[in-house]
Amino acid sequence: MCNCSTHEPREIPAYNAQAIEAKWMDAWDAEGIYKTDTDPAKPKKYILEMFPYPSGDLHMGHARNYTIGDAMARQARMRGYDVLHPIGFDAFGLPAENAAIKHNTQAKAWTYKNMDQALATMRRMGFSYDLDRLVRTCSPDYYRWGQWIFEKLMERGLVYRKKNPVNWCPNCKTVLANEQVTDGVCWRCGEAPEKRDLEQWYFKITDYAQELLDDLEKLPGWPERVKQMQANWIGRSEGAEVDFTLCDADDNPIAGDKGKITVFTTRADTLFGCTFFLLAPEYEGLHDLVAGTEYEAGVMEVVEGAKHVTAVERAQGELEKHGAFTGRYVVNPINGEKVPVWVADYIVSDYGTGAVMAVPCGDQRDFEFATKYGLPVKPIILMDDEIQALVDETGKTREEVVSSYRADTVAWESAHAAEGTLVQSGRFTGMTGGKHSEGEAAVVAELEERGVGRRKVEFRLRDWLISRQRYWGNPIPVVYCDHCGIVPVPEDQLPVVLPDNLDLGAGETLAECKEFYETTCPVCGRPARRETDTMDTFTCSSWYYLRYCDPHNTELPFSKEAADRWMPVDNYIGGIEHAILHLLYSRFFTKALRDMGLLSVDEPFTNLLCQGMVKDENGETMSKSKGNVVPPSSVIEPYGADTMRLTILFIAPPEKDFDWDPKAVEGANRFLKRAWRMVWQLAGTADLGAVVDSSALDEAALELNREMHRTLAKCTEDFDRQQFNTAISAIMELVNAASAYLNNVPAAQRNRALCAKVAENIVLALTPICPFWAEELWHEALGHTESVYGAPWPTFDLAQAKRDTVEVAVQVLGKVRTRIEVAADAPKDEVEQAALAAAERWIAGKNVVKVIYVPGKLVNIVAK
RNA sequence: GCCCGAGUGGCGGAAUUGGCAGACGCAGUGGACUCAAAAUCCACCGAUGGCGACAUCGUGCGAGUUCGAGUCUCGCCUCGGGCACCA
């Protein structure tokens, strides 16, 4: 044990992680050190990790997520911030219900058991959560306010009920929001959803589409890719609506559908190339157009066929297109041309108007359809090389070619590029065509002038379907009364309490639970029926970060004062899988609550860190079914929580995926043991509390002092950048420098004040990362009596990191040839002269054209 | 199809503003200590050639800008991600 070359005066105890961690866990609990201060004099910092779904014990992904957040929170506290660092559970949801059905127990019991286990692991990991602010979404004092917010949204017209074709997951036995269908399948179970026509509850998130898109620019602290994903999802398109007049084969107007059908297009400039017109199979007035005609059967076949196209097939693309003629026509408002109306299964009903003008010359889908059904392809845009080819062939001028071009249809292989010069386009011929082009603007202007078109912006974002046909969720607080209609439950009767005695194992649902649904109308007092759908769990997670600000409020979900103190969240840490779902919904809630006057912020999360995934040793995602899960306990039990935390933060930058590596754990543990010995050794020759007098240091001590200031500066900067891997490497360098000093300088000759300072700074710098290790050394090796949790972050002085002389690289034509040692403050001329002398060998016989000096770094000699 | 990222030793990664590529760690090699092993400590550790001083090459590929490029520009390749019959 004793390193014989140094003969330390004190015996160094072994680093016993288990004993140390058990000791401090209890001591910290007893002291209640994690209670949030509310000192308005200090600047605030709200650090938040995405709360877990309690589906079992925590896994490696959670451990990584919370370790990152905890290191940030602990360091922020040391830097003098008033820190809010809470935790809770996203406790409603299907897995609890499914587990309860399977094991014939209650969802609540299962959920609470898992939450207790997760809390124990969090405690074991040393996470600094203020548990006085614990939020569980399945608790009535939380979901009460979810119901309250639902009603406030309703008052503002942001909630509605509508019958629509929706995604129904036959496995989960509930409808899904658009965001919850990924790659055509249910996000939770992977089953392909069916289309069902159901009346459901929606949140009108589309009212905020523009602001949700625009405000992404207010989020410089978010990863670019997340903002990109949200922008894609919101999917803004600028274009125009164009009204087409309906008629029959004999040009008689058709009264149905008010005699006109409107389309949305981003390419009004191509209106002259419209050779047919398409309706989605779900188009509302479609059946009326064909009922009783010879075309009805053909059209209905397409309508029926479209119902069987699964979302998976759609998502994978390249589907055969199907269509049928309706026997009807529309008149193109730009040129009065009559074109046939078809139904086509590639037209989506819930985007734009569900009707589309088809321009087969420029749109590959329309082209394929035209080719299949023998419809004309009329070219109306020529590319420069096409025009040039015609000029060469005919000898005409460019202008003549463009103005005289005529073709009613062409036999092309595929649609042509959609940008170029307009031809066969009336007075627009010769203008440029394309998105946002001169031609497009001119056509829209004419349509607007004639009252048959108008500018329009469309979004891909759909309203959020929030009702779920499941038990374990927040009840939607409305009552159906035959007399009064849909009646919200009055505020003083909230919450609508979810019963916890359903026989789920026997398949009982809320809709069958009389005690729940039988009620009286709050308005007229007659018998009425409660809504038995619950809210999407994502409604619960859309505002939990606000409840943390004021978790015990019994008057409101949170007070404005508390929200103003803590919001917005300064650092939000979680997985990329929520890039759209949770992060978009939360932004929507924040904006809606702001508009109600409950909040002052526009955006909930200032900085977002999406941590990478933890994969297994072979780069595979960990999963129970693969049997490759590495549980956190497999590291904590042999090595301790501090080793676990250090490993996670050191192995890779937080946003990168990494493959689990047992060797990295051993390496981290080895470093902790080494640093432990180093602190004890330094402490053995330390004058604790003494001030370092830098003028009294010998060369070895000066070197250590410089390294201390340099590495602390680097470490501090890296914490600011959230690059914990390099922050740790800086601490390792300091430990290495301390080791060199201890090895090279006999105990009697060491600077005792410096030894004390270095030891304290090593401990302090590692405190946010390895809190148990640090606390033990802080007390036992360094003699402190207060917790290191409240200790200030180390300070540094870059002036003391500077050397008297610096090594300067000497380059000739950009290649390093040699190095010279010069005084740090040597003037430019002197360094250049020294460099020229040192580079003699490489510049002999050449002409020195130029010398570039980068102070303290290099001299580049340009010699030819 | 459209839109983002990323590509650096045997491995994880560093290089923050255009300035010495490979910090720190893992693995490996040699040495010290030991009867021996483990642990620990010290040294080496991109490739090729050379006893060596050193030279040449080297950040996915190819050009370019620059005194100087992992970093900037253009054109590719590969991998990853998002959106998508969205008009």
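Chain letters run A, B, ... following the sequence lines, proteins first and then strands; every chain starts at 1. All of these numbers come straight from a predicted model, not from anything done at the bench.
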Is it the case that B/rU16 (base atoms only) and A/Q723 (side chain only) share a donor and an acceptor within less than 3.5 Å, ignoring hydrogens and angles?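 Side chain to base: no pair below 3.5 Å.
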Heavy-atom donor-acceptor pair, A/K321 side-chain to B/rC85 base, under 3.5 Å
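For A/K321, whose side chain was compared with the base of B/rC85, there is a donor-acceptor pair (under 3.5 Å).
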Looking for any heavy atom pair under 4.0 Å, which part of the strands does [X] touch: base, sugar-phosphate only, or nothing?
| X | value |
| --- | --- |
| A/E807 | base |
| A/I651 | sugar-phosphate |
| A/K815 | sugar-phosphate |
| A/K714 | base |
| A/K673 | nothing |
| A/P223 | nothing |
| A/E717 | base |
| A/N736 | sugar-phosphate |
| A/F650 | base |
| A/W660 | nothing |
| A/R817 | sugar-phosphate |
| A/D363 | nothing |

Discussion item. What I'd like to find out is whether the side chain of A/W660 reaches to under 4.5 Å of the side chain of A/D616, using heavy atoms alone.
Written reply: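 They are not in contact (no side-chain heavy atoms under 4.5 Å apart), so the answer is no.
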Anti or syn - B/rG9, cut at 90° from 0 =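 That one's syn.
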Counting side-chain heavy atoms from CB outward, which of [options] is closest to [X]?
| X | options | value |
| --- | --- | --- |
| A/W233 | B/rC83, B/rU40, B/rC26 | B/rC83 |
| A/D718 | B/rU16, B/rG19, B/rA27 | B/rU16 |
| A/R677 | B/rG19, B/rG25, B/rC41 | B/rC41 |
| A/I580 | B/rC83, B/rG19, B/rC24 | B/rC83 |
| A/Y346 | B/rA14, B/rC85, B/rA15 | B/rC85 |
| A/V862 | B/rU16, B/rC67, B/rG12 | B/rC67 |
| A/S729 | B/rC24, B/rG12, B/rA87 | B/rC24 |
| A/N725 | B/rG12, B/rC83, B/rA14 | B/rA14 |
| A/N860 | B/rG19, B/rA87, B/rA55 | B/rG19 |

Next item on the list: Give a yes or no on whether A/E413 atom CD has more than 12 heavy-atom contacts from other residues, nucleotides or ligands under 6.0 Å away.
Entry: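 No - once you tally the heavy atoms of other residues, nucleotides and ligands closer than 6.0 Å, there are 12 at most.
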- request: Could you tell me whether A/K372 atom NZ has more than 12 heavy atoms of other residues or ligands within 6.0 Å of it?
  value: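 Buried by this count: over 12 neighbours within 6.0 Å.
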Between [X] and [Y] (salt bridge meaning N to carboxylate O under 4.0 Å), is one present in this structure?
| X | Y | value |
| --- | --- | --- |
| A/R267 | A/E238 | no |
| A/E733 | A/R710 | yes |
| A/K714 | A/E717 | no |

[X] and [Y]: aromatic ring centres closer than 6.0 Å?
| X | Y | value |
| --- | --- | --- |
| A/F650 | A/F724 | no |
| A/F276 | A/Y373 | no |
| A/W342 | A/F277 | no |

Can a side chain N or O of [X] be found less than 4.0 Å away from OP1 or OP2 on [N]?
| X | N | answer |
| --- | --- | --- |
| A/S739 | B/rC41 | no |
| A/R721 | B/rA15 | yes |
| A/R674 | B/rC41 | yes |

Output field dot_bracket for RNA chain B (Watson-Crick or G-U, both distances under 3.5 Å, | for other-strand pairs) contains (((((((..(((......[....))).(((((.......))))).((((....))))..(((((..]....))))))))))))....
Exercise for review: Could you check A/R267 against A/A730 and say which one's nearest nucleotide on RNA chain B is further toward the 5' end?
Suggested key: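 Final value for this comparison: A/A730.
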### Task
Hey, which sits more toward the 5' end of RNA chain B by its nearest nucleotide, A/Q811 or A/Q228?
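Taking each residue's closest nucleotide, the earlier one in sequence belongs to A/Q228.
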* To the nearest Å, how far apart are A/D345 CG and B/rA87 C1'? ->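 That distance rounds to 15 Å.
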